[in-house]
Peer 1: 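What follows is a single structure, and I will ask about it in a moment.
Read the numbers this way: they start at 1 and go in the same order the structure lists the ligands and their atoms. Residue numbers count from 1 along this sequence.
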Amino acid sequence: MNDPSLLNADLHCHSDVSDGTLSPEALAARAHANGVQLWSLTDHDEVGGQRRARDAALALGLPYLTGCEVSVTFADRTVHVVGLGFDPDDARLRDGLAATRGGRERRAREMAAGLAQVGIRGAYEGALKYVGNPELISRTHFARFLVEAGHCADTHEVFRRFLVEDKPGYVPHRWARLGDAVRWITDAGGVAVIAHPARYRFTPTEEYALFVEFVAHGGRGVEVVTGSHSTAEYAAYAELAIEFGLLASRGSDFHDPDESRTDLGALPDLPGRLTPVWQALAQRVDRP
Ligand code: AMP
Ligand code: MN
Ligand code: MN
Ligand code: MN
């Protein structure tokens, strides 16, 4: 039998329903062309693209898992929780995501006010031009506008100079609670996964607390191989997955062909000693 850890699963990416630039259909085609064997679209705080993604994937013969990436505030920091294999019509999940999206417009206006104070005018309207779904206006859309307007060479520079803590366009925001996000996903039949843990820059003590609380709330997985991790971090989070008995996930976090470092399906395999999250979700996969 084939080793399940060798499956080319890509269970994390974004469409223009959130802050990606490609449609769900174009992403399905790209995943398929890149050899992805199990795919999930995980837009931020939104499941509006799920049906389109699933239909496009199945038409190409590509097995599909429902997905989303929920923004969470934990210990005053933003943490992302990916949900996989849930029922996209679940009412409590949909209400929770709608509430999580709710504050984005006001936050965006405050971000624009902060940027105006350092001489960058029209950022709200400028960012809005890049937004497919106005409820999901995000820092990524501001970054694209600031590049277009010539303030920075690329979106990574925009984040560094303007959109992270203590910079003029940064506005602290309260997202969903960790336990709520995990429960919305789990109660809808899915598995909750800590997204790209190395990105949070927690101290080891804070990170340990995140994992302990996540598991206590019913969280079951962690991204080990992601476009956001280095090779050393794959190994470090493989160890943590084993220590906490977590299922391991794999996903590129692809947003855009030019901005994203890692293309759909272009990741190393999961370390073989881990249990892949798709093994626990076999019954939840939509198959052609
Ligand atoms: P938001 O949900 O509005 O706070 O925006 C977060 C999004 O910004 C993430 O999902 C990434 O797509 C993007 N992002 C965060 N940090 C960076 C960075 N350093 N460089 C480029 N994109 C980033
Ligand atoms: Mn994003
Ligand atoms: Mn994320
Ligand atoms: Mn993401």
Peer 1: Relative to the heavy atoms of Ser138, which atoms of ligand 1 are at a distance of less than 4.0 Å?
Peer 2: 3 (O)

Peer 1: For ligand 1, note which part of Asp19 has a heavy atom under 4.0 Å away: side chain, backbone, both or neither.
Peer 2: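 Side chain only.
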
Peer 1: Would you mind finding which of His44, Arg107, Met111 brings a heavy atom closest to atom 10 (O) of ligand 1?
Peer 2: His44

Peer 1: Does the side chain of Glu223 pick up a donor-acceptor pair with the side chain of His229 at under 3.5 Å?
Peer 2: no

Peer 1: I would like to know whether Phe244 and Tyr208 meet ring pair (Phe, Tyr, Trp, His ring centres under 6.0 Å); could you show each step before the answer?
Peer 2: CA-CA 10 Å; Phe244 281 89; Tyr208 199 81; 5.3 Å; yes

Peer 1: Among protein heavy atoms, which sits nearest to atom 2 (O) of ligand 1, and what does the distance come to when rounded to 0.1 Å?
Peer 2: Arg104 NH2, 3.0 Å

Peer 1: Of all N, O or S atoms in Asp253, identify the one at the shortest distance from the Mn ion (ligand 4).
Peer 2: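 Atom name of the closest N, O or S in Asp253: OD1.
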
Peer 1: Please write down residue, atom name and distance for the protein heavy atom closest to atom 7 (C) of ligand 1.
Peer 2: Thr140 OG1, 3.4 Å

Peer 1: Taking atom 5 (O) of ligand 1 as the point of reference, which of Arg139, Arg101, His14 owns the nearest heavy atom?
Peer 2: Arg139

Peer 1: Looking only at N, O or S atoms in Glu69, which is nearest to the Mn ion (ligand 3)?
Peer 2: OE2

Peer 1: For atom 20 (N) of ligand 1, find the nearest protein heavy atom and state the residue, atom name and distance (0.1 Å precision).
Peer 2: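 That would be His156 ND1, 3.1 Å.
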
Peer 1: Identify the protein heavy atom lying closest to atom 12 (O) of ligand 1, giving its residue, its atom name and the separation to 0.1 Å.
Peer 2: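 That would be His255 NE2, 2.9 Å.
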
Peer 1: Taking the Mn ion (ligand 4) as the vertex, what is the angle from NE2 of His14 to NE2 of His12, given to 10 degrees?
Peer 2: 100°

Peer 1: Considering only NZ, NE, NH1 and NH2 on the basic side and carboxylate oxygens on the acidic side, decide whether Arg92 and Asp180 come within less than 4.0 Å.
Peer 2: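 No salt bridge links Arg92 with Asp180.
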
Peer 1: Which heavy-atom pair separates His196 from Asp253 by the least distance, and what is that distance?
Peer 2: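 Reported closest heavy-atom pair: CD2-OD2, 3.6 Å.
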
Peer 1: Is there a heavy atom of His173 sitting under 4.0 angstrom from any atom of ligand 1?
Peer 2: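 No.
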
Peer 1: For the Mn ion (ligand 3), which N, O or S atom of His80 is at the shortest distance?
Peer 2: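 The Mn ion (ligand 3) is closest to the His80 atom ND1, counting only N, O or S.
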
Peer 1: Quick one: nearest non-hydrogen protein atom to atom 15 (C) of ligand 1, plus distance?
Peer 2: Phe159 CE2, 3.3 Å

Peer 1: Indicate, with yes or no, if Val47 and Val193 share a hydrophobic cluster defined by side-chain heavy-atom contacts under 4.5 Å among Ile, Leu, Val, Met, Phe, Trp and Tyr.
Peer 2: yes

Peer 1: Does Ser260 reach the main-chain N or O of His255 with its side chain, forming a donor-acceptor pair under 3.5 Å?
Peer 2: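 Yes, Ser260 side chain to His255 backbone: donor-acceptor pair under 3.5 Å.
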
Peer 1: Any salt bridge between Glu105 and Arg109, counting N to O under 4.0 Å?
Peer 2: yes

Peer 1: What I want to check is whether the side chains of Thr140 and Ser138 have a donor and an acceptor closer together than 3.5 Å.
Peer 2: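 Short answer, yes.
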
Peer 1: Any salt bridge between Glu135 and Arg104, counting N to O under 4.0 Å?
Peer 2: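 Result for this pair is no, no salt bridge flagged.
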
